[in-house]
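Report on the structure given below.
Every heavy atom of this structure was used, including side-chain atoms; hydrogens, water molecules and symmetry mates were not. Residue indices begin at 1 and follow the sequence shown.
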Amino acid sequence: MTSYEQRAYDTLAMKLTEAGYAYENTSWANDATASISVTCTRLVDEEVQQFEFQIYIPNCDYFDPDNEFFNTYAVTEEGGNITLDFNQADSVVEHIQDCTRDVHFTN
């Protein structure tokens, strides 16, 4: 991890912890960026279902995808159909909170 990426990772981890979310480091050594996974459970039609956010960490302060440099937190919701970019860790946490109101979190 670059020092920029480590700071971004630590900031997001701290914000997730402060908001009461459990997370897991899902980084792989050969990935373009580090990543964090937040898994929640929710009750849908009286059935408990898992819901996951995969968050890719910015690794520099500019955007150059051809060379695997990314300057935003990329949040992929379960199923990978939707990916949203956020400039700040606070915005990532707010997005997760908006999507998981009345949801119970798993560790």
Side-chain angles (χ1 to χ4, degrees):
M1 234 187 283
T2 66
S3 61
Y4 187 97
E5 190 173 17
Q6 185 66 60
R7 284 190 308 275
Y9 182 97
D10 292 345
T11 299
L12 180 60
M14 179 184 68
K15 298 290 183 180
L16 288 168
T17 299
E18 288 173 355
Y21 290 94
Y23 65 89
E24 179 181 356
N25 180 343
T26 53
S27 304
W28 289 78
N30 63 344
D31 283 348
T33 68
S35 60
I36 288 177
S37 175
V38 176
T39 303
C40 308
T41 57
R42 76 166 99 197
L43 191 60
V44 178
D45 297 328
E46 299 183 22
E47 180 182 329
V48 176
Q49 296 180 346
Q50 294 283 331
F51 189 76
E52 181 178 345
F53 294 91
Q54 188 68 29
I55 307 159
Y56 298 93
I57 309 300
N59 60 7
C60 69
D61 60 355
Y62 57 92
F63 184 72
D64 181 3
D66 291 338
N67 291 303
E68 298 184 343
F69 295 119
F70 304 95
N71 63 346
T72 61
Y73 293 93
V75 179
T76 301
E77 297 178 11
E78 183 163 327
N81 296 332
I82 300 171
T83 300
L84 301 170
D85 292 327
F86 297 93
N87 292 320
Q88 299 178 354
D90 287 332
S91 299
V92 172
V93 173
E94 289 171 11
H95 175 71
I96 293 171
Q97 289 171 330
D98 288 345
C99 292
T100 59
R101 298 236 186 266
D102 302 319
V103 175
H104 304 281
F105 309 105
T106 60
N107 292 325

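Follow the hydrophobic side-chain contacts under 4.5 Å out from Y21 and you never reach M14; the two are in separate clusters. Following chains of ILVMFWY side-chain contacts shorter than 4.5 Å, one cannot reach F63 starting from V75, and the two form parts of different hydrophobic clusters. No continuous path of hydrophobic side-chain contacts links F70 to Y56 [ILVMFWY only; heavy atoms under 4.5 Å]. Both Y23 and F51 are members of a single hydrophobic cluster when ILVMFWY side chains are connected at heavy-atom separations under 4.5 Å.
Residues S35 and T26 come closest through the heavy atom pair OG-OG1, 2.8 Å. Nearest heavy atoms, A22 versus V38: O-CG1, 3.7 Å. Closest heavy-atom contact between Y73 and A89: CE1-N, 3.4 Å. The shortest heavy-atom contact between Y9 and M1 is CB-SD, 4.1 Å. Annotation for E5 and I57: closest pair O-CG2, 3.6 Å, computed over non-hydrogen atoms. What you find for A13 and I36 is that their closest heavy atoms are N-CD1, 4.3 Å.
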For this session: Carefully, step by step, assess Q54 and T83 under the rule side chain to side chain contact (heavy atoms under 4.5 Å, CB included).
Result: CA-CA 9 Å; Q54 188 68 29; T83 300; over 6 Å; no
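Judged purely by atom type and a 3.5 angstrom limit, N67 has no side-chain atom pairing as donor or acceptor with the backbone of F69. Not one N or O on the side chain of N59 forms a donor-acceptor pair closer than 3.5 Å with the backbone of T2.
Separation of atoms CG (D10) and NZ (K15) is listed at 12.5 Å; rounding is to 0.5 Å. Taking CD from E24 and CG from L16, the interatomic distance works out to 13.0 Å, rounded to the nearest 0.5 Å. For the atom pair CZ (F53) and CD1 (I82), the distance works out to 9.5 Å, reported to the nearest 0.5 Å. Summarising the geometry, atom CD belonging to Q88 is positioned 12.0 Å from atom CG belonging to L12; distances are rounded to the nearest 0.5 Å.
Judged purely by distance below 3.5 Å, without hydrogens or angles, the side chains of E52 and S37 pair a donor atom with an acceptor atom.
Within the 4.5 Å cutoff, the side chain of D64 has heavy atoms near those of the D66 side chain.
A tilted orientation is assigned to the rings of H95 and F86, their planes being inclined by 30° to 60°.
Taking D85 as the reference, nothing meets the salt bridge (charged side-chain N to carboxylate O under 4.0 Å, His left out) condition, with sequence neighbours excluded.
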